[in-house]
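Contents: one structure, followed by commentary.
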Amino acid sequence: MDSNLSGQIERITYTNEESGFTIARVKVRGRHDLVTVVGTLMAPMPGEILDMRGQWSLHPRFGEQFKVSEYRTKVPATVAGIRNYLGSGMIKGLGPVMAGRIVDRFGIKTLEVIENDIRRLAEVQGIGSKRITRIGAAWQSQREIRDVMLFLQGHGVSSGYAAKIFKQYAQRSIAVVKENPYRLATDIFGIGFVTADRIADKLGFAKNSAVRIQAGILYVLQQLSDEGHVYYPYGQLVEKSSQILGVDGQPVVRALAKLAAERKIIIENIDETVEDFKENSKAIFLAKYHLCETGIARSLKKLLETPRSIREIHTEKAVDWVQRQLAITLAENQIRAIHQAMEHKVMVITGGPGTGKTTIINAVLKIFSRLTPRILLAAPTGRAAKRMNEATGFEAVTIHRLLEYSLQKGGFQRNAERPLKCDVLIIDEASMIDTILMYHLLKAVAATATLILVGDIHQLPSVGAGNVLNDIISSAVVPVVTLDRIFRQAKTSRIVVNAHKINQGIMPALDTGDDADPHNDFYFIEQDDSDRVLDIIVELCGKRIPRRFGFDPVEDIQVLTPMHRGVVGAGNLNRQLQQALNPGEGGISRAEQTFRVNDKVMQVRNNYEREIFNGDIGRITAISWPERQIVINFDGRPVDYDFSDLDEIVAAYAVSVHKSQGSEYPAVIIPVVTQHYILLQRNLIYTAVTRGKKLVVIVGSKKAMAMAIHNNKTRQRFTRLRYRLQAEGQELD
């Protein structure tokens, strides 16, 4: 039977920012002890008064609790309550000390002063006009967000997402959601179509409404692009959309026509004589991907047909000269790579570890440096750029920084109108570059420049949509040099030797190796049981590897796993490794994660405002409840995150193999178990192994390793870049 209860929050024991689930201790008139209240509370604050309805229960461990089913909030009515309320962190920059000063000055009338005569706060020592403005804005925002939260909670939206919605639309939040809840799926990170659809259903939107089906198609296409597809065949898209939306095909066909008319999608006819597309003669693109893919083809054509800006040289003499300068003897393929770089506007150098890609880059840089000072180096990630800088001595930056991305100024500042000032551009880890980034990069390359793309095509393709480097190579419109000889110094590394075996479909030697062998950098620990694999990985990270090799368990050791779910998926591995490597109480909870100071975390989306990108790894250095922020250190740069933005980061003691691309780590641990069979592919294991610089340890079963190494059927990505480049190439001929 439901009961009513009224009381003032004394302290918050636990709250989940996303779900709103809260455990609070409440002071109730007439009761000596504080009452434990549990339930979904929206941004609860100490000092708040709650009028609650719910049921009493007896928890076997924690005793009597009041489970809240519904409630209303009121501002506190006592001086002590007001002090707690203001000092709880509800207003950024107003902590307990300053809140105490304000309440000491105005007493029971404090909230009335803030509401009606806020300028009087200047009477309090330490509060100037800037802080008054800030407090006023936060007070107003807090009141408005409560209204939004009450509305959204009634339509199944958690308090964490309500805060994001308010941040996006402010006072228009309720109106926007009522008019078209599907906007949430495209406008706000973390709110997908499923959540928006649930809200729309509660608002009375029909299942077959045009706005729902159009939004659903865009959602399906975006999901497909997240899987790597630049387009999707028409018939398959109609079938998939119909299934997900629970409608028949005809409304989907009508919605596709409407979206095409509005240029939100592009429908392109495909030549049915091309074998891959006999059953689907139409390709459906999200407009931005069609723009980018066609733009890449045009930009490469322009590069190829425009004379270079630097003078021609005698290549044979240049090769002899650079070998003397570097005191090396180049292999045949390396010499060929230098010839191609000197004689062509665009070229690709590809090869596995230990095959001399860095040597070629250094040789090419040495020669080009005699011809021009205008040379630029870049890579897709900060870590890859740092490695490039260390290997060459030349400054190297991320592609985003190279293109001068600025959120405030509207995107990439380097473009066709303001191209990069260079005669030579060398891009490393080019296999990581997706369709959108390659479009913006090529748009900013001057037509007279020379472009050299360096990468390993046997690694996993880009996280984003497309298979750009592979498509450029398979189109055969630019020269490609494949380095396949492992050099003598690399042959001493079992990591390098075994990586090449894996790439060739050959099982590496999976003996445990000789611990006394100084060259032994590759170990295999056989274990079929996933629970034992988990225990072994935790012990390796926390004790065995640090003790044997001297690596820091958090900074130097990275666990790479094929999947996110399961016993040895990234999610569970992170929970267990956090408990082993950074235990403790407190922290801030978000979804199923709790973040603590010193945690290792990864950014999982590009945030151009903060200049932090998908895959960047940092360490939490501070958590501030008054500011409702955490501070993360990324390679020496502290970055602030609001609590409402924590869905942009995940724990990173263990990360997916995909997320590790472009990075190298002193030590890598890889679980390989049969439960991961869906994702066990040769290029995945190869990518994981090649991330380790000094040590690779694989823990799992030989059967799972064999499954992965013998599976060279990579998932098809629907792209048209290869054919576009070939069409452009024919025009050049």
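In this text, all values refer to a predicted model and were calculated from it rather than measured experimentally. The chain is numbered in sequence order, starting from 1.
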Is it the case that the side chain of Gln413 and the backbone of Gly411 share a donor-acceptor pair, with hydrogens and angles ignored and the cut-off at 3.5 Å?
yes
Can we say Glu293 and Lys288 salt-bridge, meaning some charged N sits less than 4.0 Å from an Asp/Glu carboxylate O?
no
Ignoring hydrogens and angles, tell me if any N or O in the side chain of Asn574 forms a donor-acceptor pair with the backbone of Tyr653 under 3.5 Å.
yes
Determine the minimum heavy-atom distance between Met432 and Pro380, stating which atoms define it.
CB-CG, 3.8 Å
dist Ser225:OG -> Ile436:CD1 (nearest 0.5 Å) comes out at 7.5 Å
Do the two ring centres, one from Phe412 and one from His400, sit under 6.0 Å apart?
yes
For Glu179, does the CD atom have more than 12 heavy-atom neighbours from other residues, nucleotides or ligands under 6.0 Å away?
no
Reported CD-to-CZ distance for the pair Gln8 and Arg29, which is rounded to 0.5 angstrom:
10.5 Å
Give me the one residue out of Val37, Ile12, Thr13 that meets side chain to side chain contact (heavy atoms under 4.5 Å, CB included) with Ile23.
Thr13
Does the side chain of Ile9 come within less than 4.5 Å of Leu50's, by heavy atoms?
yes
Apply salt bridge (Lys or Arg N to Asp or Glu O under 4.0 Å) to the pair Arg31 and Glu64, showing each step before the final yes or no.
CA-CA 13 Å; Arg31 293 183 64 121; Glu64 187 181 54; 2.8 Å; yes
Going from CG on Leu291 to CD1 on Ile266, what distance comes out if it is rounded to the nearest 0.5 angstrom?
9.0 Å
In short, Gly136 meets Ile118 closest at the heavy-atom pair CA-CD1, 3.3 Å
Do Asp197 and Asp201 come close enough that some side-chain heavy atom pair is under 4.5 Å?
no
Give the C-alpha distance, both sets of side-chain angles, the deciding distance and a yes or no for side-chain contact (heavy atoms from CB on, under 4.5 Å) between Lys600 and Ile617.
CA-CA 7 Å; Lys600 182 180 184 179; Ile617 289 179; 4.0 Å; yes
Counting N and O atoms only, with roles assigned by atom type, does the side chain of Thr22 sit under 3.5 Å from a partner on the main chain of Ala24, one being a donor and the other an acceptor?
no
Asp434 and Leu437, any side-chain heavy atoms less than 4.5 Å apart
yes
Write down the atom of Leu286, the atom of Gln222, and the distance for their closest heavy-atom approach.
CD1-OE1, 3.6 Å
Enter the distance from Ile433:CD1 to Tyr439:OH here, rounded to the nearest 0.5 Å.
16.0 Å
Test item: side-chain donor near acceptor, Thr719 and Asn467, under 3.5 Å:
no
Separation between CZ (Phe66) and OG (Ser57), nearest 0.5 Å, reads 9.5 Å
Taking atom types as modelled, find out whether Gln603 and Tyr641 have a side-chain donor-acceptor pair closer than 3.5 angstrom.
yes
Taking the side chain as everything from C-beta on, heavy atoms only, tell me whether Ile632 gets closer than 4.5 Å to Phe595.
no
Closest contact, heavy atoms only, Ile588 versus Ile623
CG2-CD1, 4.2 Å
Assess, by modelled atom type and distance only, whether the side chains of Asp642 and Gln629 contain a donor and an acceptor separated by less than 3.5 Å.
yes
State, with a plain yes or no, whether a side-chain heavy atom of Asp645 is found less than 4.5 Å away from one of Phe643.
no
Closest heavy-atom pair and its distance - Ile612, Val639
CD1-CG2, 4.0 Å
Report the distance from atom CG of Leu224 to atom CZ of Arg717, rounding to the nearest 0.5 Å.
12.0 Å
Expected output: side-chain Ser241 to main-chain Leu237 donor-acceptor under 3.5 Å
yes
For Ile199 and Lys178, run side-chain contact (heavy atoms from CB on, under 4.5 Å): C-alpha distance rounded to whole Å, both residues' side-chain angles, the deciding distance at 0.1 Å, then the answer.
CA-CA 9 Å; Ile199 297 169; Lys178 282 182 175 178; over 6 Å; no
Short side-chain to backbone donor-acceptor contact, Arg53 and Asn4, under 3.5 Å
no
Is there a side-chain contact between Lys264 and Lys258 in this structure, where contact means two heavy atoms from C-beta onward sitting under 4.5 Å apart?
no
Tell me, please, which residues at least two apart from Ser656 pass side-chain hydrogen bond (donor to acceptor under 3.5 Å, both in side chains).
none
Could you walk me through whether Val655 and Val650 pass side-chain contact (heavy atoms from CB on, under 4.5 Å), step by step?
CA-CA 9 Å; Val655 302; Val650 296; over 6 Å; no
Distance-minimising heavy-atom pair for Glu648 and Asn607
OE1-ND2, 2.9 Å
Would you find a donor on one side and an acceptor on the other, under 3.5 Å apart, between the side chain of Asp599 and the backbone of Arg596?
yes
Going through the checks in order, is the side-chain contact (heavy atoms from CB on, under 4.5 Å) test met by Thr294 and His290?
CA-CA 6 Å; Thr294 54; His290 188 268; 3.8 Å; yes
Under the 3.5 angstrom rule, does the side chain of Gln578 hit a backbone N or O of Thr594 as a donor-acceptor pair?
yes
Can you find a pair of side-chain heavy atoms, one from Ile213 and one from Arg254, that are under 4.5 Å apart?
no
Donor-acceptor under 3.5 Å (Gln661 side chain, Pro461 main chain):
yes
When you check the side-chain N and O atoms of Glu239 and Ser242, is any donor under 3.5 Å from an acceptor?
no
If the test is ring-ring contact (aromatic ring centres under 6.0 Å, His included), which one of Phe718, Phe285, Tyr289 qualifies with His229?
Phe718
Without swapping roles, check the side chain of Asn572 against the backbone of Val567 for a donor-acceptor pair under 3.5 Å.
yes
Flag side-chain contact, heavy atom, 4.5 Å: Phe193 against Gln223
no
